[in-house]
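These figures come from a predicted structure and were not determined experimentally. Note: hydrogens, waters and symmetry copies are ignored here, and every other heavy atom, side chains too, is used.
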Amino acid sequence: MAKLWEGLASGEINRAAESFNASISFDKRLIFEDIEGSIAHVQMLGKQGIIEEAEAKEIASALLSIKEDLVSGALAVDETAEDVHTFVEQTLTERLGALGKKLHTARSRNDQVALDMKLFARKTAEETIGLLLSLVSALTDKAEEYKGAVMSGYTHLQRAQPITFGHHLCCYAFQFLRDVGRLKDAKKRLNLSPIGCAALAGTTYPTDRRFEASLLGFDGITENSLDGVSDRDYLVELLAAFSLISVHLSRLSEELVLWSSWEFKYIELSQDFTTGSSIMPQKKNPDLAELTRGKTGRVVGSLVAMLTMLKSLPLAYNKDMQEDKEIFFDAADTVKACLTIMTPMIASMKARTDKMLQAAKEGFINATDLADYLTKKGVPFREAYKITGAIVKTAAAENKTLEDLSLEEYKAFNALFEKDLYEAIALETCVNKRTSEGGTAVSEVEKQIAILRERVKNV
Ligand code: ARG
């Protein structure tokens with residue numbers, strides 16, 4: 001295809017340079033945004049009398065037919081075009097002749113590409129929010145199912161205090177809900193239309209930027225034309241949100257990998273999300289969780305790549321910015337794919353509550369409650385902590401749990417021990433006494449579940 005700027009270039013165009021410069025191989029993904037933007041633009045041109053109303057209608061319907069032909073497969077993107085904007089405009093001109101050439105009045109590829117990316121980014125943010133909400137719901141449903149399943153909570157990956165599996169899952173649901181908030185917030189800031197900024201300085205035509213913006217569902221327009229064409233902050237914000245989503249996904253994935261190992265066996269992942277080994281018949285590998293964990297690097301890398309591309313760019317448009325697309329597309333595709341996989345993986349996961357309880361019984365995770373028992377009887381906490389430490393040491397040396405020690409043995413450490421201590425250190429008691437807001441007691445987890453459901457409903 002002929003270059004838009006042909007006639008200015010001198011001599012043979014080197015093919016390698018041409019392909020290095022071209023973006024059609026990846027920005028063709030913006031074709032529907034480009035057409036949507038062009039239709040709005042031509043409507044504005046007609047309304048303002050910059051071109052005839054009848055001409056505007058004809059151009060708009062030709063653009064629609066290009067869209068339809070792309071959808072039906074009657075038209076394919078010509079990859080010899082420099083970029084998607086060139087392809088759409090040249091196809092239009094092939095169909096309409098000279099009239100097609102009027103479309104680009106009062107705009108530049110600089111505001112056009114900024115518009116296309118904003119439309120694409122907005123749609124991506126919305127899709128990602130939808131996927132996050134499904135994951136939050138899947139986690140919440142699982143939390144409900146296992147709200148009474150006692151397991152050990154960990155710090156430093158050492159058994160710490162008893163919690164429930166439901167409580168643990170709610171924690172992830174809250175993380176992903178915050179990610180929804182970040183995307184919604186970024187969407188608010190990005191939803192200002194750059195179209196009409198033209199190349200950088202605005203235009204001499206009597207355009208109506210606000211009309212065009214409203215046709216495209218924007219809340220308003222960018223208030224400085226240089227800013228409109230050179231701003232890519234919204235991509236950085238979304239990539240930062242994607243990075244955090246990936247980090248959350250990778251923390252969850254890591255736990256799925258650990259929990260499905262023989263060392264833990266807290267969960268069984270559905271066969272659909274595991275693979276076998278080519279030589280070890282007993283293997284059930286959590287590949288999808290591992291891949292999700294592994295893809296985090298790509299997404300976080302995208303954020304760094306985008307920031308580094310933007311760093312030190314003078315105003316306004318620079319070709320460096322063409323790099324924003326592959327970076328953003330890859331991160332968006334990756335995050336959406338990971339979320340799409342994680343939701344059914346969680347929904348189909350089964351907990352081995354027997355294994356969880358067994359492990360919870362073995363780690364002295366009710367030691368804090370034993371110390372609290374003495375504290376409630378008037379022993380200062382530091383003192384109670386020391387006594388409990390000595391009891392744990394004795395029990396461990398005898399290969400016993402705290403429940404296994406007799407009342408006489410307890411009394412030898414402190415006379416205040418009575419037989420109600422066994423009730424106080426029962427794992428169920430430890431869990432259900434933690435009724436502080438946000439705590440692990442079933443009654444509190446039920447409240448968390450209700451909060452999560454309510455928030456998902458009201459997004
Ligand atoms: N393909 C270009 C990009 O993605 C479109 C904008 C071209 N503008 C220009 N002044 N060369 O950034």
Side-chain angles (χ1 to χ4, degrees), residues 27 29-53 55-64 66-67 83-85 88-89 92 100 102-129 183-238 241 310 315-317 321-322 324-325 328 332:
D27 69 15
R29 281 184 71 163
L30 298 173
I31 197 150
F32 293 122
E33 284 75 13
D34 200 73
I35 292 173
E36 189 189 351
S38 291
I39 291 173
H41 186 63
V42 86
Q43 284 175 334
M44 184 279 291
L45 292 177
K47 176 182 99 66
Q48 294 300 98
I50 299 169
I51 63 173
E52 299 289 323
E53 281 272 17
E55 292 178 324
K57 284 210 170 80
E58 207 178 325
I59 296 175
S61 78
L63 285 165
L64 265 181
I66 291 176
K67 181 179 168 184
D83 57 28
V84 68
H85 327 293
V88 172
E89 198 183 327
L92 184 74
K102 293 200 174 181
L103 168 65
H104 210 54
T105 314
R107 76 171 184 187
S108 152
R109 274 190 298 167
N110 296 351
D111 56 347
Q112 194 180 351
V113 75
L115 173 73
D116 292 3
M117 274 309 269
K118 275 201 165 176
L119 291 174
F120 186 88
R122 190 175 70 187
K123 182 183 72 181
T124 303
E126 282 160 4
E127 288 165 355
T128 312
I129 287 172
L183 289 174
K184 279 179 65 181
D185 191 50
K187 212 186 104 185
K188 250 188 273 163
R189 248 184 315 280
L190 84 75
N191 206 27
L192 298 174
S193 169
I195 196 72
C197 292
L200 74 163
T203 172
T204 54
Y205 291 97
T207 52
D208 183 347
R209 290 190 59 203
R210 287 178 194 277
F211 172 72
E212 204 169 334
S214 72
L215 289 180
L216 295 165
F218 285 105
D219 300 325
I221 59 168
T222 56
E223 283 141 331
N224 175 297
S225 62
L226 293 166
D227 193 33
V229 290
S230 62
D231 170 35
R232 297 293 183 274
D233 292 5
Y234 61 99
L235 296 177
V236 171
E237 286 192 46
L238 290 180
L310 288 171
L315 297 180
Y317 177 84
M321 288 171 158
Q322 180 166 290
D324 65 356
K325 285 162 209 73
F328 187 74

Visitor: Pick one: which of R107, E89, H85 meets side-chain hydrogen bond (donor to acceptor under 3.5 Å, both in side chains) with S38?
Guide: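 So, applying the side-chain hydrogen bond (donor to acceptor under 3.5 Å, both in side chains) to S38 and each of R107, E89, H85, only R107 qualifies.
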Visitor: Tell me, please, which residues at least two apart from Q48 pass side chain to side chain donor-acceptor pair (under 3.5 Å).
Guide: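 Here no residue qualifies.
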Visitor: I'd like to check T222 versus S193 (side-chain heavy atoms, cut-off strictly below 4.5 Å). Are they in contact?
Guide: no
Visitor: Test of understanding: with side-chain contact (heavy atoms from CB on, under 4.5 Å), list the residues that count as partners of I35, not counting sequence neighbours.
Guide: I31, I39, L63, I66, K67, L70, V88
Visitor: Please find the pair of heavy atoms, one from A213 and one from G220, that lie closest to each other, and give the distance.
Guide: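 In terms of heavy atoms, the two residues are closest at CB-O, 3.7 Å.
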Visitor: Which pair of heavy atoms, one from G228 and one from C197, lies closest together, and at what distance?
Guide: CA-SG, 3.9 Å
Visitor: Who pairs with E126 by side chain to side chain donor-acceptor pair (under 3.5 Å), at least two apart in sequence or on another chain?
Guide: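 E126: side chain to side chain donor-acceptor pair (under 3.5 Å) contacts with K187.
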Visitor: Could you grab the distance from atom CD1 of I221 to atom CZ of F211, nearest 0.5 Å is fine?
Guide: 14.0 Å
Visitor: Taking only residues two or more places apart in sequence or in another chain, which ones pass side-chain contact (heavy atoms from CB on, under 4.5 Å) with Y205?
Guide: I50, T105, A106, T203, T207
Visitor: Return the CG to CZ distance between D219 and R189, rounded to the nearest 0.5 Å.
Guide: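 It comes to 12.5 Å.
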Visitor: Does the side chain to side chain contact (heavy atoms under 4.5 Å, CB included) test come out yes or no for E33 and K123, once each step is laid out?
Guide: CA-CA 10 Å; E33 284 75 13; K123 182 183 72 181; 3.1 Å; yes
Visitor: Rounded to the nearest 0.5 Å, how far does CG of L103 lie from NE2 of H41?
Guide: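 The distance works out to 6.0 Å.
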Visitor: What pairs of residues pass the side-chain hydrogen bond (donor to acceptor under 3.5 Å, both in side chains) test when at least one of them lies in residues 227-236, not counting sequence neighbours?
Guide: R232-D324
Visitor: Which residue pairs satisfy the salt bridge (charged side-chain N to carboxylate O under 4.0 Å, His left out) criterion with at least one member in residues 208-218, sequence neighbours excluded?
Guide: K47-D208
Visitor: Considering residues at least two apart in sequence or located in another chain, which fulfil the salt bridge (Lys or Arg N to Asp or Glu O under 4.0 Å) criterion with E58?
Guide: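 Salt bridge (Lys or Arg N to Asp or Glu O under 4.0 Å) check on E58 returns nothing, list empty.
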Visitor: Please list, chain by chain and in numerical order, all residues satisfying salt bridge (Lys or Arg N to Asp or Glu O under 4.0 Å) with K102, sequence neighbours excluded.
Guide: E55
Visitor: Holding to salt bridge (Lys or Arg N to Asp or Glu O under 4.0 Å), I want the full list of residues that pass it with E127, two or more places apart in sequence or in another chain.
Guide: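 Here the qualifying residues are K336.
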Visitor: Can you find a heavy atom in the side chain of F218 that is under 4.5 Å from one in the side chain of L119?
Guide: yes
Visitor: According to side-chain contact (heavy atoms from CB on, under 4.5 Å), who are the partners of N110, at least two apart in sequence or on a separate chain?
Guide: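 So N110 forms a side-chain contact (heavy atoms from CB on, under 4.5 Å) with S108, A199, V229, Y317.
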Visitor: Distance check, rounded to the nearest 0.5 Å: D116 atom CG versus D27 atom CG?
Guide: 8.5 Å
Visitor: Check side chain to side chain donor-acceptor pair (under 3.5 Å) between D111 and all other residues, then give those that pass, not counting sequence neighbours.
Guide: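 Partners of D111 under the side chain to side chain donor-acceptor pair (under 3.5 Å) test: none.
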Visitor: Using a 4.5 Å cut-off on heavy atoms from C-beta on, say whether the side chain of L215 contacts that of M44.
Guide: no
Visitor: Measure the spacing between CG of L115 and CD of E36 and express it to the nearest 0.5 Å.
Guide: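 L115 CG to E36 CD: 8.0 Å, rounded to 0.5 Å.
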Visitor: Could you tell me which non-hydrogen atom of A332 sits nearest to which non-hydrogen atom of T124, and how far apart they are?
Guide: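 Closest pair (atom of A332, atom of T124, distance): CB-CG2, 3.5 Å.
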Visitor: Rounded to the nearest 0.5 Å, what separates atom CD1 in I129 from atom NZ in K184?
Guide: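 It is 7.0 Å, given to the nearest 0.5 Å.
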Visitor: Show the nearest heavy-atom pair for residues G46 and A56, with the distance to one decimal.
Guide: CA-CB, 3.8 Å
Visitor: Report yes if some heavy atom in the side chain of L235 is under 4.5 Å from a heavy atom in the side chain of L310; otherwise report no.
Guide: no
Visitor: Could you report the tightest heavy-atom contact between A316 and L226, atom names first, then the distance?
Guide: CB-CD2, 4.0 Å
Visitor: If you look at every heavy atom in L192 and K118, which pair is closest and at what distance?
Guide: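 Heavy atoms only, the tightest pair is O-NZ, 2.8 Å.
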Visitor: Spell out, as yes or no, whether a donor-acceptor pair under 3.5 Å connects the side chain of R122 to the backbone of G217.
Guide: yes
Visitor: Could you work out, with salt bridge (Lys or Arg N to Asp or Glu O under 4.0 Å) as the rule, every residue matching K57, not counting sequence neighbours?
Guide: none
